[in-house]
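Values in this document were obtained by computation on a predicted structure and should not be read as measured data.
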Amino acid sequence: MSPAVFEVQDLTVRFGGVTALDGLSLRHDSGGVVGLIGANGAGKTTFVNVLSGVVRPARGRAFLDGRDLTGLAAHKIARAGLTRTFQNLRLFGSLTVLDHLLVPYGARNHGRQRALALLAEVGLAGTESRRPAELAYGEQRRLELARALALDPRIVLLDEPLAGLAGSESDELLSLFGRLRDGGTTLLLIEHDVPSVLRISDRVLVLDRGRLLADGTPAEVASDPEVRQAYLGDD
Ligand code: ATP
């Protein structure tokens with residue numbers, strides 16, 4: 001069997017008395033968009049934090065393409081092909097838009113060209129000399145995304161990328177995610193907007209108190225009675 005794009009085995013994370021992830025095991029073999037939903041505190045961000053090297057698990061392992069990432073530093077995990085965006089944006093106030101991408105690409109000519117092409121791809125053409133504070137909020141979110149894409153990752157973890165965006169902006173971002181998926185990048189999407197997740201995902205994972213409550217295609221997950229009751233407003 002070829003290695004999974006990503007896999008976790010028996011992942012357990014505790015914060016004091018709180019068990020944020022409780023022996024979670026799953027593997028994802030193909031690309032596409034994987035939606036990750038669940039109530040506040042279900043463990044979604046913790047899952048992304050473990051995969052990206054921000055949090056160490058108390059127990060269990062995480063793999064990317066068969067390579068054990070558990071305990072590696074975040075920058076090594078990024079170089080290995082797994083990058084992320086943050087729920088609260090982490091941009092550098094003193095750097096221009098272009099500088100944000102020259103950090104991963106390098107400032108040589110080739111790096112600049114790739115950076116400018118990536119800015120165009122995410123809809124930020126013409127903003128390269130601005131600083132984050134001079135961008136609209138939706139543009140700041142795209143810059144975070146561009147930075148995560150700059151390393152040509154195999155998988156990008158997106159922590160609530162649609163939060164705070166107007167409807168038209170989130171539609172544009174969702175179509176960008178579709179294009180990235182079609183280009184072969186796997187996306188793991190944490191999102192509170194469940195209808196959008198169901199619309200765009202190939203697979204949906206539902207976390208509940210650190211365990212998998214449901215896992216399947218959007219249609220399968222949307223017809224699960226427990227999921228319907230908890231997330232889709234059924235009584
Ligand atoms: P949300 O949708 O609100 O972002 P989530 O599903 O991402 O929630 P997590 O942020 O992963 O959930 O949190 C899971 C549990 O772990 C929660 O009970 C949370 O309070 C707890 N937790 C997360 N990070 C920490 C931390 N650094 N210190 C203490 N407890 C934490």
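- Contact of the R27 side chain with the F6 side chain is not registered, since no non-hydrogen atoms from C-beta on lie closer than 4.5 Å.
- Between A214 and D224, the closest heavy-atom pair is CB-OD2, 4.1 Å.
- In this structure, the side chains of V156 and L188 stay at 4.5 Å or more apart for every pair of heavy atoms.
- R211 CZ: 12 or fewer foreign heavy atoms inside a 6.0 Å radius.
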Derivation of the side chain to side chain contact (heavy atoms under 4.5 Å, CB included) call for L189 and V34 = CA-CA 6 Å; L189 173 66; V34 182; over 6 Å; no
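- With rounding to the nearest 0.5 angstrom, the CG atom of L187 is 7.0 Å from the CD1 atom of I200.
- Between D22 and T12, the shortest heavy-atom distance links the atoms C-OG1, 4.1 Å.
- Across L162 and S170, no two heavy atoms sit closer than the pair CD2-CB, 3.7 Å.
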query = Can you list the steps and then say if E7 with D29 is a side chain to side chain contact (heavy atoms under 4.5 Å, CB included)?
reply = CA-CA 8 Å; E7 177 171 10; D29 289 299; over 6 Å; no
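- Of the possible polar contacts, one joining the K44 side chain to the A39 backbone as a donor-acceptor pair under 3.5 Å is found.
- Here the CG-CG distance, from L207 to L212, works out to 6.0 Å after rounding to the nearest 0.5 Å.
- Under the 3.5 Å distance criterion, the side-chain polar atoms of E169 are matched with a main-chain donor or acceptor of A166.
- Annotation: the span from L198 atom CG to I37 atom CD1 amounts to 6.0 Å, rounded to 0.5 Å.
- Residues T45 and D159 bring a donor and an acceptor atom of their side chains to less than 3.5 Å of each other.
- Within the 3.5 Å criterion, the main-chain N or O of G31 finds a donor-acceptor partner in the side chain of H28.
- If you check the side chains of T96 and D99, you find a donor sitting under 3.5 Å from an acceptor.
- Between L174 and S196 there is a side-chain heavy-atom pair separated by less than 4.5 Å.
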request  = Would you please test V204 and T217 for side chain to side chain contact (heavy atoms under 4.5 Å, CB included) and show each step?
outcome  = CA-CA 6 Å; V204 179; T217 64; over 6 Å; no
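- Using a 4.5 Å heavy-atom threshold, the side chains of R199 and P218 count as separate.
- At most 12 non-hydrogen atoms from other residues, nucleotides or ligands lie less than 6.0 angstrom from CZ of R209.
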Which donor-acceptor pairs under 3.5 Å do side chains of residues 133-145 form with protein atoms, sequence neighbours excluded?
{"residue": "E134", "atom": "OE1", "partner": "R131", "partner atom": "N", "Å": "2.7"}
{"residue": "Y137", "atom": "OH", "partner": "R141", "partner atom": "NE", "Å": "3.0"}
{"residue": "Y137", "atom": "OH", "partner": "R141", "partner atom": "NH2", "Å": "2.8"}
{"residue": "E139", "atom": "OE1", "partner": "A136", "partner atom": "N", "Å": "2.8"}
{"residue": "Q140", "atom": "NE2", "partner": "P132", "partner atom": "O", "Å": "3.0"}
{"residue": "Q140", "atom": "NE2", "partner": "L135", "partner atom": "O", "Å": "3.3"}
{"residue": "R141", "atom": "NE", "partner": "A163", "partner atom": "O", "Å": "3.3"}
{"residue": "R141", "atom": "NH1", "partner": "E160", "partner atom": "O", "Å": "3.4"}
{"residue": "R141", "atom": "NH2", "partner": "Q87", "partner atom": "O", "Å": "3.1"}
{"residue": "R142", "atom": "NH1", "partner": "V122", "partner atom": "O", "Å": "2.7"}
{"residue": "R142", "atom": "NH2", "partner": "E172", "partner atom": "OE1", "Å": "2.6"}
{"residue": "E144", "atom": "OE1", "partner": "F86", "partner atom": "N", "Å": "2.9"}
{"residue": "E144", "atom": "OE2", "partner": "R90", "partner atom": "N", "Å": "2.9"}
{"residue": "E144", "atom": "OE2", "partner": "R147", "partner atom": "NH2", "Å": "3.2"}

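- Of all heavy-atom pairs spanning D68 and F63, the tightest one is CA-CD2, 3.6 Å.
- In terms of modelled atom types and a separation under 3.5 Å, the side chain of R228 and the main chain of A222 share a donor-acceptor contact.
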request  = Show the numbers, then the answer: is there a side chain to side chain contact (heavy atoms under 4.5 Å, CB included) between V54 and R84?
outcome  = CA-CA 11 Å; V54 176; R84 66 171 298 175; 3.5 Å; yes
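- Atom CG of L64 is separated from atom OG1 of T70 by 11.0 Å, given to the nearest 0.5 angstrom.
- The shortest side-chain heavy-atom distance between T85 and L157 does not fall under the 4.5 Å cut-off.
- For the atom pair CD (E128) and CG (L119), the distance works out to 6.5 Å, reported to the nearest 0.5 Å.
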message = Show, in sequence, the C-alpha distance, side-chain angles and deciding distance for D65 and R154, and conclude whether the salt bridge (charged side-chain N to carboxylate O under 4.0 Å, His left out) test is met.
response = CA-CA 9 Å; D65 279 328; R154 176 113 163 92; 2.7 Å; yes
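- At distances below 3.5 Å, not a single donor-acceptor pair connects side-chain atoms of T185 with backbone N or O atoms of R181.
- In terms of heavy atoms, G35 sits closest to V197 at CA-CG1, 3.7 Å.
- For the pairing with F47, the side chain to side chain contact (heavy atoms under 4.5 Å, CB included) check across I190, V55, L21, V13 returns one residue only, L21.
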inquiry  = D215 vs R203, test: salt bridge (charged side-chain N to carboxylate O under 4.0 Å, His left out). Steps then yes/no.
reply    = CA-CA 7 Å; D215 174 8; R203 177 183 184 183; 2.8 Å; yes
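- Considering CG of L102 and CG of L116, their distance stands at 8.0 Å, rounded to 0.5 Å.
- The minimum heavy-atom distance linking S52 with I77 is given by the pair C-CD1, 3.7 Å.
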